[in-house]
Amino acid sequence: MTYILGIETSCDETGVAVYHPDRGLVADVLHSQVKLHAAYGGVVPELASRDHARRLPALVHQALESAAITPTDLGGVAYTAGPGLLGALLVGATFGRSLAWALDIPALAVHHMEAHLLAPLLGSKPPAFPFVALLVSGGHTQLVLVRALGDYTILGESIDDAAGEAFDKTAKLMDLGYPGGPRLAAMAVDGDPSRFSFPRPMTDRPGLDFSFSGLKTHALTTIRRLEPLSEQDRRDIARAFEEAVVDTLHIKCRRALEQTGAEALVMAGGVAANQRLRERLATLRGVTVHYPPMNLCTDNGAMIAWAGYLRLRAGEQSGLAVETRARWPISELRAPCREPEDA
Ligand code: KG4
Ligand code: ZN
């Protein structure tokens, strides 16, 4: 197996990377559309698709150049096929599938959340199976028992907003701009944790599901009571909100680890970049906590190249049709039929 090209276009980042089994990650380039969508306070799907189409060819050139290879050195192309914005997915999938066809090499349609989940395995000390994965992004909040590549059992998930979505919506309520999650987290650093107490939803009953929409409503009620907000009010609300999310995730992770007996916890997805969450999960006793480096937490092409490589190595490949899915439950994935040759 040689160089694998990874293409990510599921939302508002165009990511392209090249992975090689011996050389590791040899290229990883990214174009963020943050500025493009900022004026609208959120991602505008049509603008996202158009920008992916505009940027992708140049980014692929750039990635190949930085890996010092030519297209004919590629042994496979992996592209995000879902879940995500359909138009945005179609850009990367069409490009990736066509490139693989033109080069007569295998193509692999990658599940975006599986790629997030497998990203920590790219590190120098990868966790051993089985482990519990906490997937926390803008669209998902899930606890997954991972027994092997493609063997995923959902232990719990959000019944309403995803954790990242709650961060973004609460940030918007306080006019923190877009993207809200990292901005709210930055404000929280100087907030007083004892001023407001936010609820820890669904922690007073058994089970591993989450609910974050109530937290946003709680933030709204607090904001209405205080308006106009001072900078310190914003910081204190941000802190109380962040503590509530982090504490809730901490409680549910502990429960999931106890329930499964797993000894490793993997954090993945954009919210895994949250410093406070990392600190709290590091206090879990008797488990090792793994998370990808910051640049591999949020959307990127590297995790797609890596996930694609793992499945291609196991003999899997996608057909000639360009297939994308806006919704694609991770529990539908299956382990590759054949064991990897060089595992
Ligand atoms: O995984 P990701 O890049 O895209 C999706 O697949 O959704 O995750 C983006 C989400 C956004 O909701 C963003 O606000 C959140 O991750 N996020 C954070 C932080 N950095 C990104 N949330 C809290 N604290 C952060 N430091
Ligand atoms: Zn993502």
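Read the numbers this way: they start at 1 and go in the same order the structure lists the ligands and their atoms. Position 1 is the first residue of the sequence; numbering continues from there.
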* Asked: Under 4.0 Å from any heavy atom of H116, which atoms of ligand 1 are there?
  -> 1 (O), 6 (O)

* Asked: Got the closest protein heavy atom to atom 24 (N) of ligand 1, with its distance?
  -> N274 ND2, 3.0 Å

* Identified side chain to side chain contact (heavy atoms under 4.5 Å, CB included) counterpart of P71 within the set V60, L103, I105 -> L103

* Structure fact -> Per-atom filter on ligand 1: closer than 4.0 angstrom to a heavy atom of H112 are 6 (O)

* May I ask whether G139 has any heavy atom positioned less than 4.0 angstrom from an atom of ligand 1? => yes

* Should R97 and E323 count as an ion pair when the cut-off is N to O under 4.0 Å? -> no

* Close N or O approach (P182, ligand 1; < 3.5 Å) -> no

* Mode of E13 contact toward ligand 1 - side chain, backbone, both, neither (heavy atoms, under 4.0 Å) -> neither

* To do: From the options G270, A273, A272, select the one whose nearest heavy atom is closest to atom 16 (O) of ligand 1.
  => G270

* List the closest protein heavy-atom neighbour of atom 12 (O) of ligand 1: residue, atom name, distance to the nearest 0.1 Å. => D168 OD2, 2.7 Å

* Asked: Should one rank S32, C11, G138, G164 by closest heavy-atom distance to atom 7 (O) of ligand 1, which comes out on top?
  -> G138

* Does atom CD of Q232 have more than 12 heavy-atom neighbours, drawn from other residues, nucleotides or ligands, at distances under 6.0 Å? -> yes

* Identity and distance of the protein heavy atom lying nearest atom 3 (O) of ligand 1 -> D299 N, 3.1 Å

* Run the side chain to side chain contact (heavy atoms under 4.5 Å, CB included) check on L226 and F196 step by step: do they pass? -> CA-CA 12 Å; L226 294 172; F196 303 110; 3.6 Å; yes

* Any N, O or S atom of H116 closer than 2.8 Å to the Zn ion (ligand 2) -> yes

* **Numbered atoms of ligand 1 (with element) below 4.0 Å of T298, judged on heavy atoms** => 3 (O)

* Modelled atom types, side-chain donor and acceptor of D160 and S211, under 3.5 Å -> yes

* With no hydrogens and no angle check, is any side-chain donor or acceptor of T141 less than 3.5 Å from a backbone partner on A163? -> yes

* To do: Taking the Zn ion (ligand 2) as the vertex, measure the angle between atom OD1 in D299 and atom NE2 in H112; round to 10°.
  => 90°

* Using a cut-off of strictly less than 2.8 Å, determine whether C11 has an N/O/S atom near the Zn ion (ligand 2). => no

* Look at atom CG of D104 and say whether more than 12 heavy atoms of other residues, nucleotides or ligands are closer to it than 6.0 Å. => no

* Is R239 salt-bridged to D192, cutoff N-O under 4.0 Å? -> no

* Side chain T283, main chain E279, donor-acceptor under 3.5 Å -> no

